[in-house]
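Structure first, then comments.
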Amino acid sequence: MFNIVVFVSGRGSNLKALLDKIPEDKIRICAVVSDKKDCGAVQFAVQNKIPVFLVSTKNQTGFFNYSELIQQLKKIPVDLIVLAGFLKMIPDNFVEEFEFRIINIHPALLPAFGGSGMYGVNVHRAVFDSSAKISGATVHFADKIYDHGMIIAQRAVDISDVKTPDEIAGRVLEIEHELLPFVVEKFADSKIIVNKNRVTIAV
Ligand code: GRF
């Protein structure tokens, strides 16, 4: 069984897409990690009986710090960490511990429209204001810099006729819900090949 842990901060539509689309005989969502104890994604995890770990860099009751979280995740043990709308920067020690085993989904075509502050509607507004004609979703390795690690997979969508940033968000979200389960399954099948500076997906 290929064990994944999904990090969330928001409504959890990508978590739901993963649960719906990944083959359960091959991949298991072992836990959900969140910095927000009441977000939609956490509620969805609880409803679906997925264990939830809360994480914080501050000393908050009921929350693990990242060193404690590493120990918890090592016990599972985790094959892949999926950041699906997790809004906090992951500390360096955590990234080092799980190098090349943390992926993130970003709602634009990196390396454009990424980096600090580029999340949620900010991304789609920036894309809209740029007058770009395509947007899309990117799955990439998480490293110590926001939206920076090597790109694993991308899918694009035509936005030439949109009237608002929200319309872009809707089109991109549909793609995210296809792309993320696709990539996770490729990891489970050992089809993600990391070369020096390129990632390829074996067929
Ligand atoms: C998605 O657009 C994801 O790409 C971004 O945050 C959003 C999370 O949405 N990083 P959801 O919580 O999965 O619905």
Side-chain angles (χ1 to χ4, degrees), residues 4-22 27 29-48 50 52-55 80-90 94-95 98 102-130 132 134-159 162 164-187:
I4 70 168
V5 169
V6 184
F7 279 48
V8 294
S9 305
R11 82 202 129 174
S13 69
N14 278 288
L15 172 64
K16 181 174 186 312
L18 284 168
L19 197 62
D20 288 347
K21 291 179 183 166
I22 52 177
I27 302 166
I29 303 178
C30 298
V32 159
V33 172
S34 183
D35 60 319
K36 297 223 168 68
K37 79 166 184 259
D38 292 323
C39 67
V42 165
Q43 289 169 15
F44 178 80
V46 171
Q47 281 157 15
N48 286 278
I50 303 169
V52 175
F53 296 102
L54 297 173
V55 69
L80 186 70
I81 290 169
V82 181
L83 310 183
F86 187 68
L87 294 181
K88 288 272 162 52
M89 189 71 195
I90 305 274
F94 191 92
V95 174
F98 295 102
I102 312 176
I103 63 171
N104 179 48
I105 183 147
H106 184 75
L109 295 173
L110 293 175
F113 306 111
S116 182
M118 278 295 188
Y119 59 86
V121 76
N122 297 355
V123 179
H124 304 298
R125 192 173 299 121
V127 171
F128 185 81
D129 289 345
S130 76
I134 54 167
S135 191
T138 302
V139 177
H140 63 96
F141 283 109
D143 66 9
K144 294 175 183 171
I145 304 169
Y146 263 122
D147 299 329
H148 173 267
M150 272 198 285
I151 293 171
I152 300 165
Q154 292 183 302
R155 232 163 254 178
V157 64
D158 186 345
I159 53 162
V162 297
T164 64
D166 276 355
E167 270 186 78
I168 301 177
R171 287 186 198 182
V172 170
L173 197 62
E174 268 182 45
I175 292 180
E176 291 183 52
H177 295 165
E178 297 298 323
L179 188 64
L180 192 56
F182 166 81
V183 171
V184 169
E185 195 172 350
K186 293 293 176 192
F187 269 96

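Counting starts at 1 for both ligands and their atoms, following the listed order. If you read the sequence from its start, that first residue is 1, and numbering goes on from there.
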ask   = Tell me: protein heavy atom nearest atom 8 (C) of ligand 1, and distance?
value = G85 CA, 3.6 Å
message = Apply side-chain hydrogen bond (donor to acceptor under 3.5 Å, both in side chains) to residues S135 and H124 and explain how you reach the verdict.
response = CA-CA 9 Å; S135 191; H124 304 298; 5.3 Å; no
note = min-distance protein heavy atom vs atom 2 (O) of ligand 1 -> E176 OE2, 2.9 Å
request  = Please indicate whether any nitrogen or oxygen in N14 is less than 3.5 Å from any nitrogen or oxygen in ligand 1.
outcome  = yes
key: F53, CZ: over 12 other non-hydrogen atoms inside 6.0 angstrom   = yes
remark   = Near G12 (heavy-atom distance under 4.0 Å), the atoms of ligand 1 are 11 (P), 12 (O), 13 (O), 14 (O)
Atom 9 (O) of ligand 1: nearest protein contact (heavy atom, Å) = R11 NH2, 3.3 Å
query = Can you find a non-hydrogen atom of I105 under 4.0 Å from ligand 1?
reply = yes
key: Short N or O distance, S13 and ligand 1, threshold 3.5 Å exclusive   = yes
inquiry  = Below 4.0 Å from ligand 1: does a non-hydrogen atom of A41 turn up there or not?
reply    = no
key: 4.5 Å side-chain heavy-atom contact, V139 and V82   = no
key: Heavy-atom pair with the smallest gap, counting every atom of F113 and V123   = O-CG1, 3.9 Å
query = With a cut-off of 6.0 Å (strictly less than), are more than 12 heavy atoms of other residues, nucleotides or ligands near NZ of K21?
reply = yes
request  = Mind checking salt bridge (Lys or Arg N to Asp or Glu O under 4.0 Å) for K186 and listing every partner two or more places apart, or none if nothing turns up?
outcome  = none
